[in-house]
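In listed order, ligands and their atoms are each counted from 1.
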Amino acid sequence: MKKQIEQLSAYQPGLSPRALKEEYGIEGELYKLASNENLYGPSPKAKEAIQANVDELCYYPETGSPLLKEEISKALDVAPSRILFGAGLDEVILMISRAVLTPGDKIVTSEMTFGQYYHNAIVESANVVQVPLQNGHFDLDGILAQIDNETKLVWLCNPNNPTGTYFTHEELTHFLQNVPSHVPVILDEAYVEFVTANDFPDALALQKEFANAFILRTFSKAYGLAGLRVGYVIASEEAIEQWNIIRPPFNVGRLSEYAALAAFKDQAYLQSIQERNANEREKFFELPQSKHFYPSQTNFIFVKTDKPHQLYEALLNVGCITREFPNGVRITIGFPEQNEKMREVLQQFEF
Ligand SMILES: *Cc1c(COP(=O)(O)O)cnc(C)c1O
């Protein structure tokens with residue numbers, strides 16, 4: 001076995017609703033608000049697409065998800081040769097790390113961000129530099145200062161999971177102007193569809209100027225298809241060609257491709273999800289207790305407290321499973337009735 005794997009552990013899911021009910025003696029429904037899924041689910045058209053294609057299950061999917069690639073290519077105005085799909089972004093992050101990193105290489109990212117950048121870098125025996133956040137925000141200047149000749153990948157998560165914060169178009173432009181053009185800067189935009197801020201980066205536009213800026217998007221969050229596993233990267237043709245060698249031939253399932261295609265075409269549904277989420281998000285930020293939250297452009301809110309376990313348990317008692325961190329609790333914005341219950345808990349909680 002690779003020696004470095006000893007310092008990692010397999011992904012630890014939270015307790016299941018059933019296990020939690022038993023442990024805490026809870027009666028009634030428990031809602032999973034721990035992984036930033038979209039509880040409204042996908043467009044009805046995605047479900048129709050699955051039903052319409054269910055008799056094709058005995059066949060392997062078409063390699064490389066060509067129909068979905070073509071649709072996204074047209075809508076975003078990027079060549080199909082610049083798009084690569086994975087079984088979720090998790091697999092995209094794995095493929096990029098595997099293709100690029102050799103022992104002793106360095107990646108630069110932030111502390112308290114998506115864990116898979118770190119995890120996959122360690123598997124490849126690379127060194128990881130995690131620059132501290134500044135009040136919940138990525139410290140782009142701090143990251144810039146860490147980039148050197150050994151740096152092979154820079155991972156930026158915008159908006160950031162788990163804090164929900166973002167950096168602006170101007171800040172990203174300044175950053176890209178200062179990164180050597182041979183260093184890939186990977187922008188994980190898993191939550192981009194929830195963003196309402198006007199100064200959020202237009203990463204596709206910046207890509208025209210900075211060929212080393214690569215973009216990650218997923219169908220798992222706003223599109224409501226986490227169960228089907230579809231994510232993609234938009235990068236240079238050269239990079240995609242190399243990374244595609246790592247891709248398992250049939251990594252994205254047949255029904256996953258069709259459902260994602262139908263969901264992607266239904267932008268009106270996506271828009272309604274964005275609006276519902278923004279309305280509900282706003283109600284949390286109207287609370288006086290919002291001084292304990294990091295600002296959020298996503299479908300989750302990070303609540304800062306030095307008593308995270310107490311807050312987690314109080315939320316569990318009203319039927320909401322959230323995610324506990326050493327310095328706070330991340331709650332996924334759910335249906336209005338659950339959000340209301342969570343706000344009541346927050347209003348009574350002694351931070
Ligand atoms: C959820 C998430 C992912 C992984 O998404 P999948 O496409 O479901 O693998 C990647 N990055 C961030 C920041 C996420 O929050």
Side-chain angles (χ1 to χ4, degrees), residues 10-14 32-39 41-42 46 65 68 72 83-98 107 109-121 130 133 136-138 153-167 172 185-195 200-201 203 214-235 243 246-248 251-253 255-257 259-261 263-264 270 273 277 281 294 296-302 322-323 325 330-333:
Y11 180 73
Q12 296 290 328
K32 238 179 122 284
L33 298 164
S35 304
N36 306 335
E37 291 129 328
N38 167 8
L39 267 52
S65 318
L68 182 58
I72 292 175
I83 305 172
L84 181 74
F85 291 94
L89 281 183
D90 286 342
E91 193 188 39
V92 173
I93 296 165
L94 182 151
M95 289 190 287
I96 296 173
S97 304
R98 188 164 179 198
I107 72 157
T109 186
S110 177
E111 64 160 20
M112 252 188 108
T113 186
F114 193 60
Q116 292 299 305
Y117 320 139
Y118 172 90
H119 189 93
N120 285 289
Q130 293 166 298
L133 291 170
H137 290 73
F138 262 56
L153 292 172
V154 176
W155 296 95
L156 306 181
C157 188
N158 199 34
N160 184 41
N161 178 11
T163 56
T165 57
Y166 76 105
F167 47 81
L172 179 59
V185 174
I186 311 205
L187 298 159
D188 184 341
E189 296 195 331
Y191 299 94
V192 69
E193 298 87 0
F194 291 115
V195 170
F200 189 82
F214 301 155
I215 304 169
L216 306 186
R217 302 254 170 106
T218 180
F219 285 90
S220 296
K221 304 286 160 54
Y223 283 100
L225 289 172
L228 288 184
R229 319 301 304 126
V230 190
Y232 59 100
V233 54
I234 307 171
W243 300 344
I246 303 297
R247 184 178 61 82
N251 59 332
V252 175
L255 296 188
S256 301
E257 182 187 4
L261 178 61
F264 188 78
L270 190 72
I273 293 296
N277 181 69
R281 189 171 66 200
Y294 285 130
S296 171
Q297 282 292 311
T298 62
N299 67 333
F300 59 84
I301 295 168
F302 193 93
T322 57
R323 172 80 191 270
F325 286 81
R330 188 191 65 197
I331 62 180
T332 302
I333 298 168

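When Gly86, Ala87, Cys157, Gly115 are checked for heavy-atom proximity to atom 13 (C) of ligand 1, Cys157 turns out nearest.
Residue contacts with ligand 1: Asp188 is included, with a non-hydrogen atom under 4.0 Å away. Taking 4.0 Å as the cut-off, Lys221 counts as a neighbour of ligand 1 on heavy-atom distance. Within the 4.0 Å heavy-atom shell around ligand 1 one does not find Gly231.
Taking a cut-off of under 4.0 Å to the non-hydrogen atoms of Thr218, the atoms of ligand 1 that pass are 6 (P), 7 (O). Of all atoms in ligand 1, numbered sequentially from 1 with element shown, those under 4.0 Å from a heavy atom of Asp90 are 4 (C), 9 (O). Near Asn161, the atoms of ligand 1 lying under 4.0 angstrom from a non-hydrogen atom of the residue are 13 (C), 14 (C), 15 (O).
At least one N/O-N/O distance between Leu89 and ligand 1 falls below 3.5 Å. Checked against a 3.5 angstrom limit, the closest N/O atoms of Arg229 and ligand 1 fall inside it.
For Arg281 (side chain) and Phe194 (main-chain N/O), a donor-acceptor pair under 3.5 Å exists by modelled atom type.
Under the 30°/60° scheme for interplanar angles, the aromatic rings of Trp243 and Phe214 are found to stand perpendicular. A parallel orientation is assigned to the rings of Tyr117 and Trp155, their planes being inclined by less than 30° (bins at 30° and 60°).
A salt bridge does not link Asp188 with Arg217: every distance from a Lys NZ or Arg NE/NH1/NH2 to an Asp or Glu carboxylate oxygen is 4.0 Å or more. No salt bridge links Glu193 with Lys221; every basic N to acidic carboxylate O contact stays at or beyond 4.0 Å.
Here the protein heavy atom with the shortest distance to atom 8 (O) of ligand 1 is Ser220 OG, 2.6 Å.
At a heavy-atom distance under 4.0 Å, no atom of Glu91 approaches ligand 1. At a heavy-atom distance under 4.0 Å, only side-chain atoms of Tyr191, from C-beta outward, approach ligand 1.
Of the candidates Thr163, Thr322, Asn161, Thr298, Arg330 forms a side chain to side chain donor-acceptor pair (under 3.5 Å) with just one, namely Asn161.
Distance CD1/Ile96 to CD/Gln116: 12.5 Å, rounded to 0.5 Å.
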Report the C-alpha distance between Phe85 and Leu68 in whole Å, list the side-chain angles of each, state the deciding distance to 0.1 Å, and finish with yes or no for side-chain contact (heavy atoms from CB on, under 4.5 Å). CA-CA 9 Å; Phe85 291 94; Leu68 182 58; 3.4 Å; yes
